[in-house]
Protein chains: 2
Amino acid sequence: MSQLLGDDFFMKAAIHQAKLALENDEVPIGAVIVVNSQIIAKAHNQTELLNDVTAHAEMLAITSAANFIGSKYLNDCSLYITLEPCAMCAGALAWSQIGRIVYGASDNKGGISKFGRSILHPKTKVEFGVLQEECQLLLKQFFKNKR
Amino acid sequence: MSQLLGDDFFMKAAIHQAKLALENDEVPIGAVIVVNSQIIAKAHNQTELLNDVTAHAEMLAITSAANFIGSKYLNDCSLYITLEPCAMCAGALAWSQIGRIVYGASDNKGGISKFGRSILHPKTKVEFGVLQEECQLLLKQFFKNKR
């Protein structure tokens, strides 16, 4: 059971969210936020539906998680996100003081690694590469079909 | 008339928004978004009211402006904001491809200048220092009263 509730388990939940985005012709990126092995927020990219560049999966998940726990600080929470967060989402995650970020696929062009570790809160732990190929494949297929 | 509708005029409208934030015990930061000399969105920091770290004045203004013009891209728009945008807001402004950013007070600790020009869209023009003292004074007074 503990294995089921490891990083793979929660990244699979984030991938499920990414697939929901794909079904709605949104860039397939999904997120879940977890506290004490419980998913308290799940979201996928909705920039097209909401006609709003701020509607990234992470942003919606942060708002939803804060709502759930009744605090805007997410120190005890982990975010699972299928793609490395962009500057906007990294900045939001910094303000939330989130405990841990786990991302699947890397984004060398626009991800946090471009801006350096200081874009995040100093106490936030970062891990990556969890189910990386599956996360990446969804994005590759989406953009291939768009060409 | 043209003088009235210059940068000072719109920054004053942003300062008015910041004062509304102050009245609600929010960090006094305000924003307006302008297209063709018309204010199409105005917002102030609402992180306390909404219990949401993403509710910065710029973020709310971007969402509101996109709603107003029916496009998530704000290429022809100018944002007036009383404080230099943070990484989150800079990232959102980059996604929106906003035409111009004018900010009042500088934020050397957490503002865009910390992360470099590449955090913004390459076509976005940036100006600063408009009514700087007035913008800064609001913030100084707020934090002084908090101590």
Side-chain angles (χ1 to χ4, degrees), chain A residues 26-27 29 33 41 43 45-75 77 79 84-98 107 109-122 124, chain B residues 26-27 29 33 41 43 45-75 77 79 84-98 107 109-122 124:
Chain A
E26 301 273 1
V27 180
I29 302 170
I33 292 181
N45 183 28
Q46 293 192 309
T47 51
E48 298 303 321
L49 177 71
L50 300 177
N51 190 36
D52 186 347
V53 295
T54 74
H56 282 195
E58 299 95 315
M59 304 298 284
L60 301 173
I62 289 168
T63 298
S64 178
N67 219 18
F68 183 85
I69 62 175
S71 160
K72 63 182 190 290
Y73 299 113
L74 307 176
N75 308 71
C77 298
L79 168 84
E84 183 178 340
C86 71
M88 170 179 72
C89 296
L93 290 162
W95 287 117
S96 80
Q97 302 182 10
I98 199 155
D107 179 5
K109 280 188 192 170
I112 42 175
S113 42
K114 183 178 166 189
F115 301 102
R117 186 63 181 73
S118 72
I119 201 167
L120 293 172
H121 191 274
T124 300
Chain B
E26 301 273 1
V27 180
I29 302 170
I33 292 181
N45 184 28
Q46 294 193 308
T47 52
E48 297 304 320
L49 176 71
L50 300 178
N51 191 36
D52 185 347
V53 295
T54 74
H56 281 195
E58 300 95 315
M59 304 298 283
L60 301 173
I62 290 169
T63 298
S64 178
N67 219 18
F68 181 86
I69 61 174
S71 161
K72 63 183 191 292
Y73 299 113
L74 307 177
N75 309 70
C77 298
L79 169 83
E84 183 178 339
C86 72
M88 171 179 72
C89 295
L93 290 162
W95 286 117
S96 81
Q97 302 181 10
I98 199 155
D107 178 5
K109 279 188 191 171
I112 41 176
S113 42
K114 183 177 166 189
F115 301 101
R117 186 62 182 74
S118 72
I119 201 167
L120 293 172
H121 191 275
T124 301

Checking side chain to side chain contact (heavy atoms under 4.5 Å, CB included) for the pair B:Met88/A:Met59: CA distance, chi angles, key distance, verdict? CA-CA 10 Å; B:Met88 171 179 72; A:Met59 304 298 284; 3.9 Å; yes
Can a donor-acceptor pair be found, under 3.5 Å and without considering hydrogens, that links the side chain of B:Asn45 to the backbone of B:Glu26? no
Listed by residue number, which members of residues 89-96 of chain A have a heavy atom under 4.5 Å from any heavy atom of chain B? A:Gly91, A:Ala92, A:Trp95, A:Ser96
Please determine, among B:Ala55, B:Ser118, B:Gly116, B:Ala66, the option with the most heavy-atom pairs under 4.5 Å with chain A. B:Ser118
Chain A: which of B:Leu50, B:Thr63, B:Ile62 shares the most heavy-atom pairs with it under 4.5 Å? B:Thr63
Would you call A:Ile98 and A:His121 a side-chain contact if the rule is heavy atoms closer than 4.5 Å? no
Please report the closest heavy-atom contact between B:Ala41 and B:Ala65, naming both atoms and the distance. CB-N, 3.7 Å
What option among B:Lys114, B:Glu48, B:His56 has the most heavy-atom pairs under 4.5 Å with chain A? B:His56
What heavy-atom pair brings B:Asn51 and A:Gly70 nearest, and what distance separates the two atoms? ND2-C, 3.4 Å
Cut-off 4.5 Å, heavy atoms of chain B, and the answer for A:Ser71 is backbone
Ignoring hydrogens, what is the shortest heavy-atom contact between B:Glu84 and B:Ser113? Give both atom names and the distance. OE2-OG, 2.6 Å
If one checks every heavy atom of A:Ile119 against chain B at 4.5 Å, the contacting part turns out to be both
Which heavy atom of B:Ala43 sits nearest to which heavy atom of B:Ala57, and what is that distance? CB-O, 3.5 Å
